[in-house]
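Notes to accompany the following structure.
Keep in mind that this is a model prediction, so the values were computed, not measured. Chain letters run A, B, ... following the sequence lines, proteins first, then strands; residues in each count from 1.
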Amino acid sequence: MATMRTLVQPVDHAVELSRAGANVTGSGSALLHLAGRHPLGLIGLVIVVVFVLVAAFAPLLATHDPLATNAATSLAAPGGQHMLGADFMGRDLWSRIIYGARISLAVGIASTVVGCVIGAAVGLVSGYWGGWVDLVVQRVNDVLQALPLLVLALVMAASLGPSLTNTIIAISIPVVPHVARVIRASTLSVREMPFVEAARAEGMGELQIALRHVLPNTLAPVIVLATAQLGSAILTEASLSFLGLGIPEPYPSWGRMLSESAAEYVRTAPWLVIFPGLAISLVIFGTNLLGDAVRDVLDPRERS
Amino acid sequence: MPGETATLAATEPAAKAAPAVLEVEGLKTWFFTRGGIVRAVDDVSFSLSEGETLAIVGESGCGKSITALSILGLVPSPPGRIVGGAVRLRGTDLLRVDEEAMRRVRGNEISMIFQEPMTSLNPVLTIGAQIEEALTLHQTALSRAEVRARAVEMLQLVRIPEPERRAKEYPHQLSGGMRQRAMIAMALSCNPRVLIADEPTTALDVTIQAQILELILDLQRRLGTAVILITHDLGVVAETAQRVIVMYAGRKVEEAEVFALFEQPLHPYTRGLMGSIPHLVDETTERLAEIPGMVPALNALPPGCAFAPRCTMATDRCRAEMPPYREWQAGHFSACWHAEALMTGRSPPPLAGEG
Amino acid sequence: MGVDRMLSATPDSAPTPTLPRARGRGNVLEVEGLTKHFAVRKGLLRRAVGKVYAVDGVSFAIAPGETLGLVGESGCGKSTVGRTAMRLIEPTAGSIHLQGQDITRLSRAEMRPHRRAMQIIFQDPYASLNPRIPAGEIVGEPLRVHGLADARQREERVAALFQRVGLRPAQMRNYPHEFSGGQRQRIGIARALALDPALIIGDEPVSALDVSIQAQVINLLRDLQGERGLSYLFIAHDLAVVRHISHRVAVMYLGRIVELAETRALFATPQHPYTEALLAAVPVADPRKRRPRRIIQGDVPSPIRPPPGCHFHTRCPYAEARCRELAPPLKQVAPGHLAACHLR
């Protein structure tokens, strides 16, 4: 009987050992983990990192001035002096794609981040505190969501005028209701969890509970949403630029490169469509792969 | 055994001569997971006689529910697979028959009721429709009207008041106890030979639990159904079962008639379980006996006895060698190197409830 | 002798022979006429169409070092009593005194310092710990919230708490999912202990655990009471567990306390027919004690439309005409033994 009274329980060694691995998660092992568990995620990460590097080191990688026109090389085929050919104004396509990475990524990332942050705040407030705020926010969201993303961005862009900042704002606003809806829905379930009640019993303030205990447990679906959004933001930017409402000429934007060539030159100079299109596809592909993996890695339950 | 006693269970152990309805032999159900092979059920054998109540006891993860699902061929696969053994229903090995034949067995010859009646009932069908469904599947000779009448009759049998009206209601309109009654009605509608009840009262309040247990045992006596009662509650076992199997980490560790088991458990795990439950009637308010530690992960079992890391009697032999499962007294089996000591040697220290 | 006096008994039949640590004068918690009605809302405008009478005039007191068990079946309002007493739910009526101070109407901010004296342990060891926060931080959080220790002291305190509840301090960096159910419950207990409270409300703290683990946690709770002179309000549906840990027990049925007595008296000589029925329904883990039983029939009525008079009359084998009309008051039927039944 005396031995049965021992309070400190001996813990099974095999279980302990298998857990030990999960404890020492530094950033290095997180990467290894990603590679082992999510090889596709690693591919996505590589693609995204490559694009970021390309954007950062654009001046070193570009072979020509992306804005320099040259009538002599108009619509030059790939090869020779122009690796990927040249557009109708004789501008080097490779260099324009390299510089275009800056614009596309800047617009994509910035608008996604802005949209998600605002959306998360709106969703959290409306889900956690509820009441009439929630009622109003939900109805506004309904209206916003009833309009197609592109139309909304169009209206925004048209009223703000073309510029990089305005493009980002125009693209980010339609993201807000989507993110807000997702965050609100999971907030409604998370706020009823006993650990939230435990925090309240500890005497923690409501704002702190919302930020520390509720918000982190609602983010997983938003990360997936955000990565999908990153791709569609780049596409939206392309559409806006095509309509003259996005990034003004002559700055290179993948979207405009693609869309302004699509109608006229797709038969005569298909590379003008293929290469910007490939760039867009590849970056969207990369962000989607990465997004799925990031969601899993961020959840401690998925890690062990 | 009709009309034998007023207590919940038939008090006498099942007659030895009663023919076996169901025989499980060397059943092995393993799960092939990323973390390795999980031997959820490992070499489990037992037989069930007509009209008998066999309890399978153990804590979560001991394999008791997987054993039941294996009998019905309902193990989720992948990752689960029955890698060995036989499940014989009146001589036919259910592990060797095809899915169509198995469907004729499920709900007809072997029925099952689950812990949570709400999730096991379809929320968009009426109670009556769900009972009728089981009947039309298996009792094809019955006409529509007969099926309907039988469904109402079943609800009456499980003592649901106003059965005609209740048959037209949906699961959410019934209380937890009523839903479990409806589940039992459904399970018994085809007059099965074997009823598997997996924690049938765990989700219910104690007064309702008493009603349901009494109902199951009463119907068993009247219909002659053999019952496998899966539970973690030794109180439920003591009040209802004739024979008991104790499982730990996927294996049988002890098997005995209920009186023998409670009188003198021959496995330290069974003893530990009995010591760790608080009692309603003992005079002492002593500390509860604890089983230290926790159930080991099934994919990383120790080489010897799986219970050795938590066992107060464990010796080096226990940690190195798996103890054989053998009969120590007539009908009393145990897998423990120290069963002899538990049986003959010093009488075990008194457990709470025996003081 | 008034009911008030009777409600605040001292734990002279403590299961653990220990001296309760003195904590000021009088009772740790006194609850008087506690009532909580939830509105039943329906439709687009969320109009109240009815009320759930979850708790209906509940009174009790808990002395320092005492465990009051609160038993009843699901829906009887026992969990609501615990949460309302903690001011996690606003009471509809009644008063709550914590260590002599009226906390019934305190604002959230005014309530904060009082939270140190009163903590809670939850039933579900999975849902009660934030999955994204390491165990050590979960346990240290109350200290941080109340600014009671700097980071290093906190680390030490948490390590000591881990050790005390039977966990290894090395496990502080692990996330909740890396622990078993029993270990998680120990984390929950450590969190409740962090502020060194006078009272811990346990809301079914062992009912989600396997029996062998349940015994570990019950023993731990009893040891902690012995060491720290803690008071418990132990809410559970398992009568045997409640009997084992409580000095006094209150039985609830449909929002009301129907019986309240010293544990021994309540289990030996139950005075209310409902308590009797509950005790008769519990299966006894001894096949030799199989007995013919009087099983009460029927279900617990809905708390939205509780029956008039004595709530139990619909299932009571002894019910008379007056039981159907007049709610019996909770009165003393033997020294220290209260029951709400016309027939006693």
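- A side-chain donor-acceptor contact under 3.5 Å links Arg243(C) to the backbone of His279(B).
- In this structure, Pro278(B) and Val241(C) approach most closely via the heavy-atom pair CG-CG2, 3.6 Å.
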> Yes or no on side chain to side chain contact (heavy atoms under 4.5 Å, CB included) for Phe259(B) and Arg288(C), after CA distance, side-chain angles and deciding distance?
Replying inline: CA-CA 7 Å; Phe259(B) 289 93; Arg288(C) 288 165 305 184; 4.2 Å; yes

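- Residues Glu73(C) and Thr207(B) bring a donor and an acceptor atom of their side chains to less than 3.5 Å of each other.
- Gly293(B) and Gln216(C) get closest at one heavy-atom pair: O-NE2, 3.0 Å.
- For Arg165(B), the CZ atom is densely surrounded, since the number of other residues' heavy atoms within 6.0 Å is greater than 12.
- Of the listed residues (Ala280(C), Ala215(C), Ala285(C), Pro287(C)), the greatest number of heavy-atom pairs within a distance under 4.5 Å of chain B belongs to Pro287(C).
- In this structure, the separation between CG on Leu204(B) and NE2 on His237(C) is 10.5 Å, given to the nearest 0.5 Å.
- In this structure, Glu239(B) contributes its side chain and Val284(C) its backbone to a donor-acceptor pair below 3.5 Å.
- The only option from Val211(C), Ile245(C), Asn219(C) that meets the side chain to side chain contact (heavy atoms under 4.5 Å, CB included) definition with Leu288(B) turns out to be Asn219(C).
- Contact of Arg159(B) with chain C is not made at all, since no heavy-atom distance falls under 4.5 Å.
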> Between Met178(B) and Asp299(C), is a side chain to side chain contact (heavy atoms under 4.5 Å, CB included) present by the stated rule, with each step listed?
Replying inline: CA-CA 9 Å; Met178(B) 285 297 159; Asp299(C) 282 315; 3.7 Å; yes

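- Only the side chain of Ile218(C) comes within contact range of chain B, with heavy atoms under 4.5 Å apart.
- In this structure, the portions of Leu234(B) lying under 4.5 Å from any heavy atom of chain C include both its backbone and its side chain.
- The backbone N or O of Glu59(B) lies less than 3.5 Å from no partner atom in the side chain of Asp210(C), so there is not a single donor-acceptor pair.
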> Can you check side chain to side chain contact (heavy atoms under 4.5 Å, CB included) on Ser212(C) and Met294(B), steps first, answer last?
Replying inline: CA-CA 8 Å; Ser212(C) 71; Met294(B) 54 191 178; over 6 Å; no

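- Contact of Val236(B) with chain C is made through backbone and side chain together, with heavy-atom distances under 4.5 Å.
- Distance alone, capped at 3.5 Å, places no donor-acceptor pair between the Gln297(C) side chain and the Gln211(B) backbone.
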